[in-house]
Amino acid sequence: MDLTYTEEERDFRARLREWLGKTLPELPARPSPDDWPGRRAYDLGWQRRLHDAGYAGLHWPVDAGGRGATPTQHLIFLEETERAGAPYVGANFVGLLHAGPTIAAEGTAEQRARWLPPVLRGDEVWCQGFSEPGAGSDLASLRTRAVRDGDAYVVTGSKIWTSHAEVADWCELLVRTDPQAPRHRGISWLALPMDAPGITVRPLRTLAGSAEFAEVFLDEVRVPVANRVGAENDGWRVTMVTLSFERGTAFVGEVVACRRTLTRLARTAQANGRWDDPVLRRTLGRLHGEFGALWRLTQWNVSEAQRSGGIPGTGGSVFKLAYSHARQELYDVAAEVLGADSLSLEEEWTLDRLSSLSYTIAAGTSQIQRNIVAERILGLPKGR
Amino acid sequence: MSAVDFRLTQDQRDLRAGVRDLLAGRYGREALRASVEADGALDRDLWRELGAAGLFALRLAESGGGVGLGLPEAVLVFEEAGRALLPGPLVATHLAAGTVPGAAEGTAVVTAFDLDGPLVAHLGDADAVLGADPLPAGTPVRSADPLTPLWRAEAAGGAGVEAYREEGALLTAALQVGSALRTVELAVRYAGEREQFGQPIGAFQAVKHLCADMLVRAEVARTAVYAAAVTADGAEIAAAKLLADGAAVRGARDCLQVHGGMGFTWEADVHLHLKRAWVRARQWRTAAGAEELLAERLLEEAVAG
Ligand SMILES: Cc1cc2nc3c(=O)[nH]c(=O)nc-3n(C[C@H](O)[C@H](O)[C@H](O)COP(=O)(O)OP(=O)(O)OC[C@H]3O[C@@H](n4cnc5c(N)ncnc54)[C@H](O)[C@@H]3O)c2cc1C
């Protein structure tokens with residue numbers, strides 16, 4: 001067990017910090033949450049700057065266009081960008097954090113060459129078309145059909161809760177290619193171009209008031225067979241790779257964000273006198289300890305993932321459970337710090353509190369994560 | 001070359017496995033129940049064997065007759081001791097090695113005023129009290145934990161433990177983690193065997209989810225303890241203790257719940273885990289103390305920006 005940084009890692013941190021100090025003041029003003037084209041441009045612009053400075057796809061393998069950095073350098077990157085208050089991945093989330101890594105792990109050389117560079121360069125946005133109205137937690141019951149017609153699949157069905165669908169160029173889409181096969185064996189993973197004829201996107205308003213996700217209707221959309229990642233009907237296995245990235249590593253940066261929020265909360269509490277309330281103060285202290293431990297768990301999982309070729313294991317479910325609940329509590333405590341002001345939508349933390357309500361649902365609900373921990377890690381029997 | 005690689009090394013894995021084997025052979029279930037029958041009186045032979053195995057001298061330099069290992073190895077060893085519910089003032093005697101004659105070898109039993117007040121564990125068996133000289137007089141108190149006899153000392157000598165507080169808290173946290181992980185195992189095993197409504201109770205989600213949450217708490221605490229052992233940072237140690245106390249106490253309670261009526265019996269080991277976890281939660285660093293310390297550290301970081 002070693003937690004000391006090498007000379008090279010310390011250098012890396014220093015250079016990154018310097019670059020952030022120089023670059024962040026040059027960024028344009030952040031667009032409003034409802035300005036989708038503006039958000040897309042802003043998020044992609046940030047990604048382009050990272051790319052040009054050599055920080056895009058840091059931990060991706062070199063043959064996937066990445067920099068082949070060590071997991072530690074990647075964690076340093078997350079720490080430093082958060083500490084400096086750099087933009088969130090935003091619209092780049094799916095491309096950078098799970099579709100991209102899935103293509104890097106499972107795609108052919110041509111597929112990597114086609115899809116990965118634009119993600120790294122900040123040219124293209126991806127979204128995730130997994131969930132359907134009838135298939136949420138029970139994802140394998142999905143019904144969107146893909147029928148082979150020459151060198152294309154003809155896809156019909158509908159997806160729901162698709163984040164960033166409005167501004168996406170591509171969608172990682174799960175379809176049923178063999179309706180006769182047992183349900184896990186008839187699924188394929190396709191890259192769907194979002195400008196193909198037959199696609200209708202209908203935004204859905206979230207409880208936070210903005211349209212963060214959408215319904216996506218697919219009416220005989222033609223998708224080239226060449227856009228399939230992995231073998232036909234082997235999409236469930238590919239999906240498991242995607243989900244392991246989504247649950248295992250996609251939220252790592254946000255632990256750092258939570259630690260930063262905590263220090264800001266402490267400053268606010270001290271300024272408005274609530275710090276003197278021992279119950280509140282002790283809760284903040286406990287959360288400080290918990291997020292510190294979650295950061296250590298991240299380092300542990302990342303070190304462990306190296307053994308399995310970089311694909312995170314079921315330890316991701318342990319992390320996701322602990323993290324999502326801790327983060328919800330964080331914003332409940334923020335409300336205690338703010339007092340009645342926590343009812344005002346002018347307060348950034350009020351919006352964050354609303355958003356945080358999704359953390360125990362998106363990317364697999366807490367109940368599903370507990371099933372995974374109990375059945376796959378602890379080996380408890382499946383129910384009837 | 002050193003670099004962040006937060007995993008156990010092969011040597012560390014071997015050490016942990018070795019200690020687990022040693023304790024399984026020397027302090028298995030029968031020995032545990034015999035300790036309960038003996039009202040927690042210490043087995044001095046066992047104490048000497050633990051000494052000979054290096055449990056107390058683990059961190060003394062080899063030149064001084066020790067094993068020359070560090071805190072990371074010590075927490076692995078103490079995790080195993082916690083798993084086995086090994087009784088006695090293990091932490092205090094370990095901390096006394098090199099200072100109190102006989103502690104390193106296990107020929108002396110050393111306890112400490114680590115309970116925040118005049119109560120002291122194992123005073124009747126003790127040859128010395130860490131940082132308190134001479135051995136204080138005391139009267140026995142009926143202890144909630146059958147394996148931790150308690151005495152009320154006539155004079156509380158808390159000052160002597162201050163220098164040992166951090167390491168004491170960390171090693172105690174490691175004991176808690178071992179106990180927490182053990183209660184997950186016990187719960188999972190029972191849930192896989194016991195059948196009701198025609199299926200193992202572990203197939204019911206209400207039971208499954210209790211077990212999953214137990215594991216989550218134990219794993220988070222375990223990583224916190226390992227990290228704190230590497231950095232030896234005061235706030236990290238406080239967090240590790242806080243999380244480990246929670247994982248052990250809540251783990252034992254959930255384990256009890258999974259066992260149903262069986263869990264409420266003297267015969268099942270669950271209560272031994274719970275009661276010991278309660279004792280350890282009050283040793284060296286309580287939840288209130290840990291949270292205040294962490295809050296203080298948070299504020300320092302906040303002010304520093
Ligand atoms: C903000 C947000 C963004 C999202 N973005 C995307 C996206 O971009 N792409 C995408 O494909 N999906 C996305 N999702 C969808 C998300 O993955 C699903 O909402 C989630 O998997 C749950 O499915 P569901 O909503 O159908 O709920 P359901 O599966 O209907 O669950 C309802 C309740 O029943 C419980 N439940 C269901 N099955 C079980 C079981 N076996 N055991 C115990 N309890 C159970 C659940 O835990 C939950 O409490 C997003 C969701 C949110 C909230």
To the nearest 0.5 Å, what is the distance between CD (A:E290) and CG (B:L242)?
7.5 Å

Can you confirm whether more than 12 heavy atoms, excluding those of B:R282, are under 6.0 Å from its CZ atom?
no

Which atom pair, heavy atoms only, marks the closest approach of B:V188 to A:L378?
CG1-O, 3.5 Å

Within the structure provided, determine whether B:V216 and A:R370 are in side-chain contact (heavy-atom separation under 4.5 Å).
no

Locate the shortest heavy-atom distance separating A:A322 from B:V220; write the atom from each residue and the value.
CB-CG2, 3.9 Å

Backbone N or O of B:A302 within a donor-acceptor pair of the A:R267 side chain at under 3.5 Å?
yes

I want to check something: taking the side chain as every heavy atom from C-beta on, are A:M1 and B:R7 in contact at a cut-off of under 4.5 Å?
no

Contact part of A:W275 toward chain B, heavy-atom cut-off under 4.5 Å: side chain, backbone, both or neither?
side chain

Evaluate B:L294 against A:R286 for side-chain contact (heavy atoms from CB on, under 4.5 Å), listing each step before the verdict.
CA-CA 7 Å; B:L294 286 161; A:R286 175 168 54 76; 5.9 Å; no

In terms of the angle between their ring planes, are A:W300 and B:Y226 parallel, tilted or perpendicular, with boundaries placed at 30° and 60°?
tilted

Salt bridge (charged side-chain N to carboxylate O under 4.0 Å, His left out), that's the test. Do B:E236 and A:R296 meet it? Break it down for me.
CA-CA 10 Å; B:E236 277 209 277; A:R296 295 309 191 188; 2.8 Å; yes

For B:D116, does the CG atom have more than 12 heavy-atom neighbours from other residues, nucleotides or ligands under 6.0 Å away?
no

Okay, B:A235 and chain A: the region with an atom under 4.5 Å from a heavy atom over there is neither

CD (B:Q257) with more than 12 external heavy atoms under 6.0 Å:
no

Side chain, backbone, both or neither: which part of B:V184 has a heavy atom under 4.5 Å from chain A?
side chain

Return the CG to CD distance between B:D5 and A:E304, rounded to the nearest 0.5 Å.
9.0 Å

I'd like to know if the side chain of B:K208 and the backbone of A:I372 have a donor-acceptor N/O pair within less than 3.5 Å.
no

When the 4.5 angstrom heavy-atom criterion is applied to A:L265 and chain B, the contacting part is neither

Note: B:A239 and A:G289 closest approach over all heavy atoms is CB-CA, 3.6 Å

B:R250 atom CZ: more than 12 heavy-atom contacts under 6.0 Å
no

Are B:V230 and A:D2 side-chain neighbours, meaning at least one heavy-atom pair lies under 4.5 Å?
no

Counting heavy-atom pairs closer than 4.5 Å to chain B, which one of A:L380, A:I377, A:L321 comes out on top?
A:L380

Top of B:E219, B:Q205, B:R297 for chain A proximity - count of heavy-atom pairs under 4.5 angstrom:
B:Q205

Of A:E8, A:R260, A:R259, A:H288, the largest count of non-hydrogen pairs under 4.5 angstrom with chain B goes to A:H288

Are any side-chain N or O atoms of A:S303 and backbone N or O atoms of B:F6, one a donor and one an acceptor, separated by less than 3.5 Å?
yes

For A:Q270, is it the side chain, the backbone, both or neither that has a heavy atom under 4.5 Å from a heavy atom of chain B?
side chain

Is it true that A:R282 and B:E292 make a salt bridge, defined as a side-chain N closer than 4.0 Å to a carboxylate O?
no

Given that the side chain runs from C-beta out, which part of B:A288 has a heavy atom under 4.5 Å from chain A: side chain, backbone, both or neither?
both

Between A:E375 and chain B, which part of the residue has a heavy atom less than 4.5 Å away: side chain, backbone, both or neither?
side chain

